[in-house]
Asks: 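Please read through the structure below; I'll follow up with questions.
Residues: numbered from 1 along the sequence shown. Worth saying up front: this structure is predicted, and the values here are computed from it rather than measured.
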Amino acid sequence: MSRRVWTAAALTAAAGLTFASVQTTGALWRDSEAVPGSTIRVGSLSLSTGAGSGSTYTFAALAKNPVVVEQAEQAPLTITNTGTAPLRFRLTNGGPAVTSAGTTGGVTVSLAGAVVSGAAACTATTGMGSAFPTFTATAPTQAVAGVWQRLDRGASQTWCIRTTLTAAPTTGSVTYQHRFSFAVEQVR
């Protein structure tokens, strides 16, 4: 065979391989499939607790200065979805942040929480556990597996939170605040 025939055959083979590989790669980009009934949600996730925002909240309404051992305090906490998408959230950490002079730790509290219909429903007889299970926390915080709660865009939920000081290091009373951390996820 002549050199021209070999060159033409080689060029034809190279063009065929190039065309085949482009078509194979191009086919992946052109592939599509219809999915009936699907919904795509986009937006921002933002949770506001009381007057604060972000994932950690210091709950000053539970503070009483000083608190004596075995004294219970409770207060409502309003939690609002300030984002643009529906979300779910739960308590992941909670506990005392000691503010007494000379007290650095050893403060232990019992915490309990319930979802209630509004602030007026947060009473001494409110049954606890629907927001998070009762747990004991020593300063600064303790991990807790709260119950997932759903909030639609702009919706609010009120929790009744009860705390009891169960131990103080050197005195019968102590001053502290509560800190809570929340996990937030988009509702799928």
Asks: About how many Å separate OG of Ser46 and CZ of Arg153, when rounded to the nearest 0.5 Å?
Replies: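 Separation between the atoms: 12.0 Å.
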Asks: For the residue pair Thr49 and Phe180, establish whether any side-chain heavy-atom pair is separated by less than 4.5 Å.
Replies: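 No - every pair of side-chain heavy atoms lies 4.5 Å or more apart.
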Asks: Please list, chain by chain and in numerical order, all residues satisfying side chain to side chain donor-acceptor pair (under 3.5 Å) with Ser156, sequence neighbours excluded.
Replies: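 Only Thr80 meet the side chain to side chain donor-acceptor pair (under 3.5 Å) criterion with Ser156.
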Asks: Name all residues meeting the side chain to side chain donor-acceptor pair (under 3.5 Å) criterion together with Thr123; count only those two or more places apart in sequence or in a different chain, and write none if there are none.
Replies: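 Residues passing side chain to side chain donor-acceptor pair (under 3.5 Å) with Thr123: Thr125, Thr126.
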Asks: Give, for atom CZ of Arg162 and atom OG1 of Thr134, the distance between the pair rounded to the nearest 0.5 Å.
Replies: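 Here the rounded value is 8.5 Å.
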Asks: Under the rule for side-chain contact (heavy atoms from CB on, under 4.5 Å), what residues qualify as partners of Ala72, not counting sequence neighbours?
Replies: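 With neighbours one apart ignored, the set is Thr164.
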Asks: Given the rule that I, L, V, M, F, W and Y join up when any side-chain heavy atoms are under 4.5 Å apart, are Met128 and Val144 in one cluster?
Replies: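 Unlinked, Met128 and Val144 end up in two clusters.
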Asks: Return the minimal non-hydrogen interatomic distance between Gly94 and Ala137, and the atom names on each side.
Replies: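 That closest heavy-atom pairing would be O-CB, 3.4 Å.
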Asks: Any link between Val69 and Leu111 through a network of hydrophobic side chains (Ile, Leu, Val, Met, Phe, Trp, Tyr) touching at under 4.5 Å?
Replies: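 Same hydrophobic cluster.
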Asks: Any donor-acceptor pair under 3.5 Å linking the side chain of Thr158 with the backbone of Val116?
Replies: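 Side chain of Thr158 to backbone of Val116, a donor-acceptor pair under 3.5 Å: no, none is there.
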Asks: Can you list the residues that meet the side-chain contact (heavy atoms from CB on, under 4.5 Å) rule with Thr136, with sequence neighbours excluded?
Replies: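 With sequence neighbours excluded, Thr136 shows a side-chain contact (heavy atoms from CB on, under 4.5 Å) to Thr108, given in chain and number order.
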Asks: Are any of the side-chain heavy atoms of Val147 and Ser130 separated by less than 4.5 Å?
Replies: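 Of all side-chain heavy-atom pairs linking Ser130 with Val147, none is under 4.5 Å.
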Asks: Find out whether Val109 and His178 are in side-chain contact, i.e. whether some heavy atom of one side chain is under 4.5 Å from a heavy atom of the other.
Replies: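 A side-chain contact exists here, since the closest heavy-atom pair is under 4.5 Å.
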Asks: Keeping to residues at least two apart or across chains, list the salt bridge (Lys or Arg N to Asp or Glu O under 4.0 Å) pairs with something in residues 115-134.
Replies: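 Applying salt bridge (Lys or Arg N to Asp or Glu O under 4.0 Å) to every pair that reaches into residues 115-134, excluding sequence neighbours, yields nothing.
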Asks: Which residue pairs satisfy the side chain to side chain donor-acceptor pair (under 3.5 Å) criterion with at least one member in residues 110-120, sequence neighbours excluded?
Replies: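 Residue pairs with at least one partner in residues 110-120: there are none.
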Asks: Which pairs pass disulfide bond (SG atoms under 2.5 Å apart) with one or both residues in residues 119-155, sequence neighbours excluded?
Replies: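 Every pair satisfying disulfide bond (SG atoms under 2.5 Å apart) with a residue in residues 119-155: Cys122-Cys160.
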Asks: Once salt bridge (charged side-chain N to carboxylate O under 4.0 Å, His left out) is applied, do any residues pair with Glu185, and if so which ones, sequence neighbours excluded?
Replies: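 By the salt bridge (charged side-chain N to carboxylate O under 4.0 Å, His left out) rule, Glu185 matches Arg88.
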Asks: Does anything in residues 116-136 form a ring pair (Phe, Tyr, Trp, His ring centres under 6.0 Å)? List the pairs, not counting sequence neighbours.
Replies: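 Checked against ring pair (Phe, Tyr, Trp, His ring centres under 6.0 Å) - neighbours excluded - the pairs reaching residues 116-136 are Phe132-Phe135, Phe132-Trp159.
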Asks: Please check: side-chain N/O of Asn81 versus main-chain N/O of Ala155, any donor-acceptor pairing under 3.5 Å?
Replies: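 Here the side-chain-to-backbone pair does not exist.
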Asks: If you take all heavy atoms of Thr92 and Ala183, which pair is closest and at what distance?
Replies: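 Minimum heavy-atom separation between Thr92 and Ala183: CG2-CB, 3.5 Å.
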Asks: Who passes side-chain contact (heavy atoms from CB on, under 4.5 Å) against Val184, sequence neighbours left out?
Replies: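 Counting only residues at least two positions away or on another chain, Val184 forms a side-chain contact (heavy atoms from CB on, under 4.5 Å) with Leu45, Leu47, Leu87, Phe89.
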Asks: Do Glu73 and Thr163 make a side-chain contact, defined as non-hydrogen atoms from C-beta onward lying under 4.5 Å apart?
Replies: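 In short, these two side chains touch, coming nearer than 4.5 Å.
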